[in-house]
Amino acid sequence: MTLRLFNTLTGEVDLLAPADGVALRMYACGPTVYDYGHIGNFRTFLQVDVLRRFLRLTGIKVRHVMNITDVDDRILHNAAEAGVSIREYTAVYEQAFFEDLEALRVERPEVMARATEHIPRMVELIQKLAAAGAAYQTEDGSWYFRLAAFPEYGKLSKKDLSGMEDGARVDLDEYEKDSARDFALWKAAKPGETSWDTAIGRGRPGWHIECSAMAMEYLGESFDLHAGGEDLIFPHHENEIAQSESVTHKTFARHWMHVRFLLVDGRKMSKSEGNFYTLRDLLLKGYKASAIRLALISVPYRHQFNFTFDGLIEATSAIERLRTFRERLRMGVFATGENPALQASAKKAQAEYLAALANDLNTAEARAPIFDLLRAANTAMDQGLLLAGDRDAILAVLASFDAVFDVLEDRDAEATRRALEWAVQAGRLSDVAPELLARQGLTDEAIDALVAERSLAKKQRNFARADQIRNELAEKGVVLEDSKDGVRWKRK
RNA sequence: GCGCCGGUGGCGAAGCGGUUAACGCGCAGGUCUGCAAAACCUGUAUACGCGGGUUCAACUCCCGCCCGGCGCUCCA
C-alpha cells in the first residue's frame, strides 16, 4: 500500500515513500506560541497527524520534526507588554499547545525544536549564505536574503517574479534592501528587545531561517516531506527553499503537503467576525474532543472545510454509533466459527478503507466502508449469524480505522475536565456552558443513587417517580438506558 | 485586478466520461420498552449553481456567467 499524495512542488499527486527505504523524514511547521491554538491551527496539525498515522499503519517508520516558533514580533511585543521574558511568555502557550494536542489525540512528533534553542545553527546558515553571495548585511546590522541569487525562486508557489518591479512596493523602513522582495534572515536588535549576540551581530532570527536550520539539523540537507498550512506556501516555504538550496544545492524537501484553510459558518474565521474559536472555547461549550477531532479530519486536507456546530453534533452522533457497535462486538457471546459472507465484508472494508487513504488521504471516502461493515455486522448479529471469528476480523478492521482516526476510545471526559480546570484557573468560567457545569456538579455516586431509586420505583410500578428521576438526570446531561442487563447511564 | 480552488438530496460530504450518484447526520416508519431513551432494521417518489459547447454518452471534459473561498502582505 503506497501513499499517493498531492505535491505542491510538482502540482501532481506523487508517490510518497522514504528515500532511504527505512523511515520517512518529514518536517511540519508548528505553532508560533503567542496565544492559544485555534481550530484552524488544529485542522492542519490533525491532518498531518492523519498522514503520519497512515504511514505507520502501512509499516513505514516516521521521523517527524516540528518547530516551535518562540521568538517573533508578536511574542516580543506581547511579552514586553506583560513585562515578562519571552521564555516566560511563550512557556504558557507552549504548554497549552501540548495539552491541546493531547486532547485531540495528535501524536507527538519525534522531534520538537524550539527556535530559540537553535540560534547558532541559524547563524551558521546565514554565514554560509553570505559566503555564497546570497545574503548581505544592511547598515542597521540586519541580514537579508538576495532573491536575485536564487533563480529558481517561485518554483513552489508557481510565481514568476522576473517581471515584477521593485519600485512601487518598497516600504519606507526597508530602503536599505537591495530589492524590495529580499527577505530578512536576521533582524538587528532594537533597544530593549530580546536579542542574541552572535558572530553576525546582535539581533534575532527572521522567521524563515529557523525552519531551514532545524530541518537540516534533524533531517539532513535533503528530506522526504515538508508540510504546513496553505498560507505558508508563500512566502514562508518558498523562502525556506531559497535559503536552504542556495547553500546545499540539493533539493530541500522532495514533497510538499499543504492543508487548506477552514471556514467557519461559510466565512473566513477571524476575531473581528466573531467566529474565531480556540480548542478550549469548544471544549468549554461542551463539545467533545473526539467530535472535534473527527469533524476536523473528515473532510480531506485539500478541500476547504466549513466548520459548524451542526457538524460537531453530527460527528458526536457518528462516534457514538461506532463506539456502541464496537462495544456490542466486544461484549457479545458468539459461537465459534466464521461466516464466509462476513469475512468477505471485513476484508472488503479493510481494503477499501486503506485504498481511500492511500489515495491522497481521502478521509471522507475512508469512513464509508467502515459504516458499511457496521451495518452488515449489526444485521448479522440481529440474525444470530455473526460468529466469533467474524467478531475478531471486524474488530481488527475497527482497530486499523482507529489507528488513524483515533476516536473510538472514550477519553473525552478527561479532556473536558482539564479544560474546566483551566477555565477556573484562567478566570474563564463565564465561558463555560451552564449545562456543562451542571453536569460536572453531579458525582457518579449521586447518579448511581438516583438510578437505584428509580429502579426501585419502577419495580413498584411507580412510573411517575421513575420518570421524574429520569427527566431530572436528563436535564443534567445524564442519559439512562434500560436494558435486560440492568440500567446503564452515561454523560452526554 | 492577476492567479488558484470549490458550488452534489433537509444538512455535511465522496465520486468525476457510461455506477442503482458512496458514506454520515437528520427525518419517518418498524423491532424492543410500562412509556421513553439507547440500540438495531427499513425507508427518505426525478440532489450534481446557470447558459452554451465537445462526445454515441457529461455531475464528471471545454468556454462564458453567477456565487463562495484562498493566495498575491502577518496568518495553520
Side-chain angles (χ1 to χ4, degrees), chain A residues 8 11 28-32 34-35 37-48 69 72-74 154 157-161 164 169 171 181 183 207 227-236 258-263 266-271 294-296 298-308 310-325 327-328 352 356 359 362-375 377-383 457-459 461-464 466-467 470-471 473-474 478-484 487-490 492:
Chain A
T8 311
C29 287
T32 300
Y34 71 103
D35 203 349
H38 61 250
I39 54 175
N41 296 316
F42 290 116
R43 157 129 138 129
T44 298
F45 298 130
L46 242 6
Q47 294 286 358
V48 171
T69 301
D72 87 328
D73 291 345
R74 288 165 298 187
S157 55
K158 318 295 177 214
K159 287 183 193 304
D160 180 7
L161 268 42
M164 287 207 178
R169 318 198 64 182
D171 287 348
R181 289 206 163 244
F183 57 88
W207 173 33
E230 65 169 335
D231 57 306
L232 300 182
I233 297 172
F234 188 89
H236 186 54
H258 291 99
V259 180
R260 197 91 194 266
F261 263 33
L262 58 66
L263 302 179
R267 286 177 306 171
K268 183 171 180 171
M269 179 171 77
S270 78
K271 287 180 179 170
L294 185 65
L296 255 20
S298 286
V299 173
Y301 77 97
R302 275 213 287 155
H303 290 212
Q304 201 161 54
F305 165 66
N306 184 20
F307 174 88
T308 62
D310 282 349
L312 245 30
I313 291 166
E314 183 215 302
T316 308
S317 302
I319 290 171
E320 203 52 45
R321 182 143 86 113
L322 289 166
R323 285 178 180 171
T324 303
F325 172 60
E327 201 57 18
R328 190 180 181 196
E352 288 179 355
N359 178 21
N362 192 333
T363 46
E365 195 180 356
R367 282 173 50 160
I370 302 302
F371 283 96
D372 285 337
L373 181 62
L374 175 149
R375 207 172 328 102
N378 268 327
T379 303
M381 278 191 276
D382 286 349
Q383 298 169 162
K458 267 177 59 179
K459 203 167 281 177
R461 304 196 66 76
N462 180 359
F463 295 122
D467 290 351
R470 187 170 63 198
N471 291 337
L473 286 171
V478 177
V479 180
L480 300 190
E481 292 172 21
D482 294 340
S483 74
K484 6 181 201 298
V487 185
R488 262 210 303 264
W489 61 263
K490 62 185 173 193
K492 219 172 78 186

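Being a predicted model, the structure only gives us computed values, none of them experimental. All heavy atoms count here, side chains included; hydrogens, waters and symmetry mates do not. In what follows, chains are A, B, ... by sequence order, proteins preceding strands, each numbered from 1.
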Within the structure shown, what part of the strands sits under 4.0 Å from K458(A) by heavy-atom distance: base, sugar-phosphate, or nothing?
base
Verify the contact: side-chain N or O of R260(A) to OP1 or OP2 of G71(B), cut-off strictly under 4.0 Å; return yes or no.
no
As a test of reading the structure: which of C75(B), C72(B), A14(B) is closest to the side chain of W207(A), going by heavy atoms?
C75(B)
Return the value, rounded to whole Å, for the distance between atom CG of L294(A) and atom P of G12(B).
17 Å
Between the base of A36(B) and the side chain of D482(A), is there a donor-acceptor distance below 3.5 Å?
yes
In terms of side-chain heavy atoms of T379(A), which of C41(B), C25(B), A14(B) is nearest?
C41(B)
Using atom C1' of each nucleotide, how far apart are U55(B) and A14(B) to the nearest Å?
26 Å
Looking at A14(B), I'd like to know if its phosphate oxygens (OP1 or OP2) sit under 4.0 Å from a side-chain N or O belonging to H303(A).
yes
Return no unless some side-chain N or O of R321(A) is found under 4.0 Å from OP1 or OP2 of C25(B).
yes
Interatomic distance at P, C5(B) relative to U19(B), whole Å:
27 Å
Does S317(A) have a side-chain nitrogen or oxygen under 4.0 Å from the phosphate oxygens OP1 or OP2 of G26(B)?
yes
Which of G34(B), C72(B), C75(B) is nearest the side chain of D231(A)? It is C75(B)
Do the side chain of D310(A) and the base of G10(B) come within less than 3.5 angstrom through a donor-acceptor pair of N or O atoms?
no
On the nucleotide G71(B), are OP1 or OP2 found under 4.0 Å from the side-chain N or O atoms that K268(A) carries?
yes
When rounded to the nearest Å, what value does the distance between C1' atoms of C70(B) and A57(B) take?
35 Å
The residue, A366(A) or T324(A), whose nearest nucleotide of RNA chain B is more 5′ is A366(A)
Between U8(B) and A76(B), how far is it from one P atom to the other, in whole Å?
29 Å
With the stacking rule set at 5.5 Å and 30°, tell me whether F261(A) counts as stacking on A76(B).
yes
Between CZ of F371(A) and P of C25(B) the distance, given in whole Å, is 6 Å
C1' atom, A39(B) versus C61(B): distance in rounded Å?
47 Å
Secondary structure of RNA chain B in dot-bracket form (Watson-Crick or G-U wobble, distances below 3.5 Å, | marking inter-strand pairs):
(((((((..(((.....[....)))((((((.......))))))....(((((..]....))))))))))))....
Give a yes/no on whether any side-chain N or O of N362(A) is located under 4.0 angstrom from OP1 or OP2 of G15(B).
yes
Check R488(A) with E327(A), please: is the shortest side-chain N to carboxylate O separation under 4.0 Å?
no
Taking only the P atom of each, what is the distance from A47(B) to C11(B) in whole angstrom?
12 Å
Would you say R470(A) places a side-chain N or O within less than 4.0 Å of OP1 or OP2 belonging to C35(B)?
no
Which part of the nucleic acid, if any, lies within reach of F463(A) when heavy atoms closer than 4.0 Å are counted: base, sugar-phosphate only, or nothing?
base
Just how far is it from atom CG of L312(A) to atom CD1 of I39(A), taken to the nearest 0.5 Å?
8.5 Å
